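One structure is given here, and the rest of the page talks about it.
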Amino acid sequence: LESDSDEWRGDHLFGLRLPRSVLTEEFQAELTRRKIHVSLRGNAVRISPHVYNDASDMGALLEAIRDFLPAGR
């Protein structure tokens, strides 16, 4: 995954660019199944961790990413 430099990110919002090989519709479906709410913009996942999120929410997102995007995918 790639992220933009700090100058292009807001304090409350950032994006992670997915590898082109990832089927974004399948990834979105997996996140929805896990009750993780993010927005997909092309091959980028738009994440806004702020008022309604805590460390366990971020942990769930990271776990979903690790499960869905094994090394080399």
Side-chain angles (χ1 to χ4, degrees):
L1 299 174
E2 296 177 14
S3 181
D4 288 329
S5 64
D6 289 345
E7 67 189 56
W8 294 103
R9 287 186 293 204
D11 292 335
H12 66 289
L13 179 71
F14 67 96
L16 295 175
R17 202 166 324 283
L18 299 170
R20 297 250 181 234
S21 61
V22 172
L23 300 175
T24 55
E25 296 83 14
E26 289 180 15
F27 185 58
Q28 178 73 58
E30 179 61 19
L31 294 178
T32 299
R33 186 185 72 73
R34 295 179 186 222
K35 297 184 170 125
I36 298 171
H37 304 285
V38 298
S39 298
L40 266 79
R41 302 286 195 269
N43 72 326
V45 179
R46 185 176 178 192
I47 303 165
S48 52
H50 58 300
V51 178
Y52 302 109
N53 303 109
D54 60 25
S56 67
D57 295 319
M58 293 306 293
L61 174 60
L62 290 173
E63 182 178 333
I65 290 170
R66 286 184 188 119
D67 290 350
F68 194 85
L69 303 174
R73 185 169 184 175

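Everything quoted here is computed from the prediction, not taken from an experiment. One is the number of the first residue; the rest follow in order along the sequence.
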Note to self: Side chains of F68 and L31, heavy atoms from C-beta outward: is any pair under 4.5 Å?
What the structure shows: no
Next item on the list: Could you please spell out the steps behind the side chain to side chain contact (heavy atoms under 4.5 Å, CB included) verdict for N53 and L61?
Entry: CA-CA 11 Å; N53 303 109; L61 174 60; over 6 Å; no
Next item on the list: Applying salt bridge (charged side-chain N to carboxylate O under 4.0 Å, His left out), name anything that partners R33, two or more places apart in sequence or on another chain.
Entry: E30
Next item on the list: Report the distance from atom CG of D57 to atom OH of Y52, rounding to the nearest 0.5 Å.
Entry: 13.0 Å
Checklist line | Whether D67 side chain and A64 backbone form a donor-acceptor pair below 3.5 Å | finding: no
For residues 39-46, which side-chain N or O atoms pair as donor and acceptor with protein atoms under 3.5 Å away, sequence neighbours left out?
residue, atom, partner, partner atom, Å
N43, ND2, L18, O, 3.0

Margin query: Can you give me the closest heavy-atom contact between A60 and I36, atom names plus distance?
Written below: O-CD1, 3.5 Å
Check: Of all residues at least two apart in sequence or in a different chain, which pass the side-chain contact (heavy atoms from CB on, under 4.5 Å) check with S48?
Finding: L13, H50
Next item on the list: Calculate, to the nearest 0.5 Å, the distance between atoms CG and CG belonging to L16 and L69 respectively.
Entry: 10.0 Å
